[in-house]
Amino acid sequence: MLIQLLLSPNNFCFLVAIYFAVALCALECLSALFGFLLSSAIDLCTPTIDKDFGSFTHMDFLANLLFFGKVPFLIVLLITTTLYGLSGLLIQYFYLLEFTTLLAGWQASIPAIMIAMMLSHILLKYIHQFVAISENHSISHEELVGMSGTLVIGHATHALSAQAKVKDRHGKTHYVMVRTEDDMLQLDAGDHLIITAHQQKFYTANIQHRD
């Protein structure tokens with residue numbers, strides 16, 4: 001029965017969702033080993049959404065349901081895809097037990113999406129509360145201005161951002177995206193820098209010294 005469940009083409013979309021979530025976890029862990037946080041890079045490319053639940057548009061409702069802009073987007077993606085895949089497989093499993101056959105993929109997807117959205121909202125609500133508590137105890141963006149750091153990956157120019165790690169006055173390490181203040185300057189991985197300003201979703205930096 002388990003083999004039938006896992007090998008059936010009716011469950012292809014659920015298995016892909018689970019494999020996708022596992023691959024994202026592996027990429028995040030791998031990127032952390034090299035000093036580059038995939039979740040931070042994704043958040044920088046994701047617009048911040050902060051709307052009330054009273055919004056009338058479908059996109060606004062979905063954004064608030066899944067806490068877009070309030071919880072790291074990678075977390076939202078991991079939770080929703082994992083729950084969708086698991087919900088679909090469980091629906092197919094119980095249907096197979098009852099009727100000795102499987103639902104078509106699209107038929108199982110409808111309740112799977114509804115269950116995944118409901119459970120995701122509950123989990124993300126608690127994660128958002130934790131994130132909010134953490135932010136209340138964190139420093140402001142401006143407090144990193146003047147701090148020293150190191151470019152961890154890529155090349156930073158006046159037009160191109162790259163990730164750097166910077167320690168605040170409490171000794172806590174922050175991974176931030178930086179660009180050079182001077183349009184003639186390029187920072188390379190391993191260069192020591194100093195943060196000069198905060199510009200929306202990135203910081204500007206100057207070279208401190210090279211090893």
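Because only heavy atoms are used, hydrogens play no part in the values below, and waters and symmetry mates are left out as well, while side chains stay in. We're numbering straight along the sequence, starting at 1.
The CD atom of Gln163 sits 12.0 Å away from the OG1 atom of Thr150 when rounded to the nearest 0.5 Å.
Listed by chain and number, the residues in a side-chain contact (heavy atoms from CB on, under 4.5 Å) with Lys167 are Thr173 (sequence neighbours excluded). The side-chain contact (heavy atoms from CB on, under 4.5 Å) check on Leu160 picks up Thr157, with sequence neighbours excluded. Applying the side-chain contact (heavy atoms from CB on, under 4.5 Å) criterion to Asp188, with sequence neighbours excluded, gives His155, Gln186, Asp191, Arg210. Taking the side-chain hydrogen bond (donor to acceptor under 3.5 Å, both in side chains) definition, one finds that Ser8 meets it with nothing, sequence neighbours left out.
In the displayed structure, Tyr93 atom OH is contacted under 6.0 Å by at most 12 heavy atoms of other residues, nucleotides or ligands.
Side chain of Thr196 to backbone of Thr204: a donor-acceptor contact under 3.5 angstrom is found.
Residue pairs that meet the side-chain hydrogen bond (donor to acceptor under 3.5 Å, both in side chains) test with at least one member in residues 71-83, sequence neighbours left out, do not exist here. The side-chain hydrogen bond (donor to acceptor under 3.5 Å, both in side chains) pairs that include a residue from residues 10-20 are Asn11-Gln92, where partners are two or more places apart or lie in different chains.
The hydrophobic cluster containing Ile3, built from Ile/Leu/Val/Met/Phe/Trp/Tyr side-chain heavy atoms closer than 4.5 Å, also comprises Leu7.
Pairing each heavy atom of Thr180 with each of Leu185, the nearest pair is OG1-O, 3.1 Å. Of all heavy-atom pairs spanning Arg179 and Ala159, the tightest one is CZ-O, 3.9 Å.
Side-chain contact between Val178 and Val166 is absent, with no heavy-atom pair separated by less than 4.5 Å. Side-chain contact check for Leu124 versus Leu65: every heavy-atom pair is 4.5 Å or farther apart.
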Kindly list each side-chain donor-acceptor pair under 3.5 angstrom involving residues 96-120, sequence neighbours excluded, with atom names and distances?
unit_1, atom_1, unit_2, atom_2, d
Gln107, OE1, Ala104, N, 3.1
Ser109, OG, Tyr84, OH, 3.0
Ser109, OG, Gly105, O, 2.8
Ser120, OG, Ala116, O, 2.6

